[in-house]
Amino acid sequence: MTSPGADPATPLNEISWIPPRRVPNLRKLGLRTLADLVLHFPRRHEDRRSFTPFPDSPPDQPILVCGVVSKAGYLPYGGWRRGYEATIEEGDGGALSRRISCRWFNMPYVGKMIATGMRMVAYGRLKARGKRLYLDFPEFEMIEDEGDALIHLHRIVPVHAGGEGLTARRLREWIFQALHTTDLTRISSLLPGADQKPDRVSALRAIHFPESFEQLESARRLLVTEEFFAMQSLIVSRRAHVAELPGKPKTGGDLMKRLHAALPFPLTGAQQRAIADIRRDMASTHRMNRLLQGDVGSGKTLVALSACLVAIEAGFQAAVMAPTQLLAEQHYATFTRLLTPLGIRVALRTGSRRVDESLELWTGEGVPQLLVGTHALLYEPAELQNPGLIVIDEQHKFGVMQRARLITRADGPDVLVMTATPIPRTLAQTAYGDLDVTIIDEMPPNRGKIITGVRDTKKLPEAAAFLRKHLEAGRQAYIVYPLVEESEKLEAKAASVEFEKWRELLAPQACGLLHGRMKPEEKDAAMKAFVAGETKALVATTVIEVGIDVPNANILLIENAERFGLAQLHQLRGRIGRGQYTSYCILMPGEDTPEAREKLGVLEQTNDGFAVAEADLRLRGPGDMLGTAQTGLPPLRLGDLFRDGALIQQARDQAAAIFEQDVRLARPEHAPLREWLAKQDVAALGG
Ligand code: ADP
Ligand code: MG
């Protein structure tokens, strides 16, 4: 019999084959025990069973090549971005052998690792300039000696995420060791029953060092299923937890009806259905925890306001929180206009009241019934004595953690979160799996069309003439440019350069400037001047991204548009097409690459937020899209929210089944899951 192997819980500082000075580096990666090493799954694999010949021209996919370094050294140019170049040659290095130049900029340590005559494996995207082929910033590894054959060569090799002092090569060696010396049967799974499966141990090995890609794929499936199960359990348990929270039933609808009767237009069917969903939640003895999703301009604000009136009529306060001060102020203006005739007291709170008393605009008497503000409102419980409803506008700026804290408040308000970010169905279950969802799938009628076009920067003068023509006809325009400078000083400078440029281009039409570094009063003044039509064009950063509503503005020009994500561009585009005029969105890429063309082309083809989101997911993968929405969930090590959609659904069903039978997870086989969930929720629900 072979020895059973080491306890997976053994701390890495007790392991003889790990140099003690590397233990802190490992800890930084979250690797403390042998089990952690085994569960540090690779980012990708390289097929080093045989290397493909050097290509003649760049292929579409990244390439993996192995060659001998024939020349290496620092480049004479590049300034502070000092470059290092290593040329690798295929085969015998004869006059006919092909070469690739690998270059790294601003990475001084690279030079210390490379010397001529060494063999190097490089991975990256090949580029051509003239006859020369380049790999810029390739991932690389030096092949050291024949001992490498066992772990680093002649097989499918894992590449793990490293860190300071931890090269992929080193991690590969340690993980190889760990797999061969640890009792893998004792690395338990949260999925009840999974530990007993004999192929689980093989999967733990094969996920790192597979013998074939088929074996890798089946190992991956098995472990991804476990990973998704853990994640979905967390979501299902949070949802179950919220479902048990008592709410304060609120009925009544007179105020709301009076609001609707005073509107110059009827509500859309989708708005009415959303309001019905919300009223049903609010009338029940359970706490509402609902997401309202609707494309930009679909009219979510009125739905929220209707809900607020139900809470107010029942004798509670309502609060509406927006991600930016600008949007909070705009909501405040809308709400006072609509609610003052109904005798409702509305107050605005932005920033911290303690910091800036002057922002307290409401001066009426008595306690405010509706409080509008930024997310900072959350931390000012003194304002909210008796909250019946809290509305979070544009929730994509608001993480799962903050949401969890809200819904578990001791004073038990209903919670309505609103977002214009359409999340494809495959992701919705993860991003919003703990919420009930209402979708507004209908736009108010009589909206002008939006025509989107991608135009080369060379066409700027023509674009300016087009803008001038519309401004002269009385319309207004937004001109958006992305922030490129990190320092405040440079940023403000870049803003003023843009501003001067456009002022000249559009003269004599008046231009305004709006950017994040301006003082609140200045921003306010710039926005007011634009709303009032005193300025015809607003040169702005993405501060205008959310919620701003000026129906007379029908042109949006975005410079360096490729620097923005698709979702963000779609949000920005939502600023136009709000009135009856035909609107124009002009996208100018700074760098005209095929990727930029493809991305921006999506917006030329569709105005539908869902279609944009699907394309975004296809082009970019889900990582960025979930962004903050995913915080509060454990990071995925293996699973791919896009590719593995079917497995997510399966995991969801498995998790739901377990909670259905055993909601407190009291059974012994559920103990590991119960303990793990308790650990995860400490952070989300404790604070
Ligand atoms: P969003 O869903 O992006 O928050 P808003 O609530 O800001 O959209 O609504 C956009 C514009 O549409 C506002 O000017 C609003 O007054 C108007 N609006 C809302 N509902 C309707 C409707 N049923 N018919 C016509 N216009 C509407
Ligand atoms: Mg809105």
Side-chain angles (χ1 to χ4, degrees), residues 256-257 259-278 290-309 319-339 370 372-375 391-398 416-423 437-450 476 478 527 530-531 533 542-554 556 567-581 583 607-610 612-613:
M256 186 187 84
K257 287 201 189 94
L259 169 73
H260 296 171
L263 293 172
F265 46 73
L267 294 178
T268 64
Q271 282 173 317
Q272 285 169 11
R273 287 190 291 279
I275 292 171
D277 281 354
I278 290 165
R290 186 168 288 277
L291 175 80
L292 181 63
Q293 182 178 306
D295 213 339
V296 277
S298 60
K300 295 183 293 294
T301 314
L302 271 177
V303 174
L305 205 50
S306 306
C308 289
L309 289 181
V320 176
M321 299 181 202
T324 65
Q325 182 172 321
L326 211 55
L327 188 53
E329 286 170 8
Q330 175 156 333
H331 278 333
Y332 174 73
T334 309
F335 295 173
T336 34
R337 179 168 54 83
L338 291 171
L339 299 188
L370 178 59
V372 188
T374 53
H375 291 159
V391 180
I392 307 289
D393 195 11
E394 305 299 348
Q395 96 94 35
H396 60 288
K397 309 257 164 178
F398 198 76
L416 177 67
V417 295
M418 307 201 290
T419 181
T421 310
I423 291 222
V437 178
T438 295
I439 296 177
I440 301 192
D441 53 4
E442 182 186 351
M443 285 296 214
N446 308 325
R447 287 278 161 87
K449 267 205 313 202
I450 301 183
Q476 287 171 285
Y478 298 101
M527 203 57 226
F530 189 67
V531 171
T542 51
V543 285
I544 66 151
E545 182 186 346
V546 284
I548 304 297
D549 189 22
V550 181
N552 188 46
N554 75 329
L556 170 70
Q568 202 177 9
L569 288 168
H570 180 69
Q571 281 280 331
L572 283 167
R573 187 169 56 176
R575 298 312 109 220
I576 55 171
R578 296 185 154 243
Q580 76 266 33
Y581 313 103
S583 294
N607 280 317
D608 173 19
F610 266 100
V612 172

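What's counted below: heavy atoms across the whole structure, side chains too, no hydrogens, waters or symmetry copies. Counting convention: from 1, in listed order, for ligands and their atoms alike.
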Fill in: Nearest neighbour of atom 23 (N) of ligand 1 from the list Gln571, Lys300, Gln271, on a heavy-atom basis
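Residue with the shortest heavy-atom distance to the ligand atom: Gln271.
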
Any donor and acceptor pair, going by atom type alone, linking the side chain of [X] with main-chain N or O of [Y] inside 3.5 Å?
X	Y	answer
Arg573	Ile450	no
Gln293	Val437	no
Asn554	Tyr581	no
Asn552	Gly533	no

Need the ligand 1 atom indices (1-based, order shown) with element for anything under 4.0 Å from a heavy-atom of [X].
X	answer
Leu267	23 (N)
Thr268	23 (N)
Arg578	3 (O), 7 (O), 10 (C)
Asp549	13 (C), 14 (O)
Val296	3 (O)
Thr301	4 (O), 5 (P), 6 (O), 7 (O)

Could you establish whether [X] and ligand 1 come within less than 4.0 Å of each other, counting only heavy atoms on the residue side?
X	value
Gly294	no
Ser298	yes
Met443	no

Discussion item. If you define the side chain from C-beta out and look only at heavy atoms, does anything of Val320 sit under 4.5 Å from Leu305?
Written reply: no

Item to complete: Could you see which bit of His260 sits under 4.0 Å from ligand 1, with heavy atoms only: side chain, backbone, both or neither?
Response: neither

Taking both backbone and side-chain atoms of [X], is any N or O found less than 3.5 Å from an N or O belonging to ligand 1?
X	answer
Gly299	yes
Pro266	yes
Pro444	no

Practice prompt. Would you mind telling me which of Ile278, Thr438, Val391, Thr268 makes a side chain to side chain contact (heavy atoms under 4.5 Å, CB included) with Val303?
Written response: Ile278

Worksheet item: Can you name the residues that form a salt bridge (charged side-chain N to carboxylate O under 4.0 Å, His left out) with Asp441, not counting sequence neighbours?
Response: Arg273

Worksheet item: Partners of Thr336 by side chain to side chain contact (heavy atoms under 4.5 Å, CB included), sequence neighbours excluded?
Response: Tyr332, Thr340, Val346

Worksheet entry | Any side-chain donor near an acceptor of the partner, Ser306 and His260, under 3.5 Å | yes

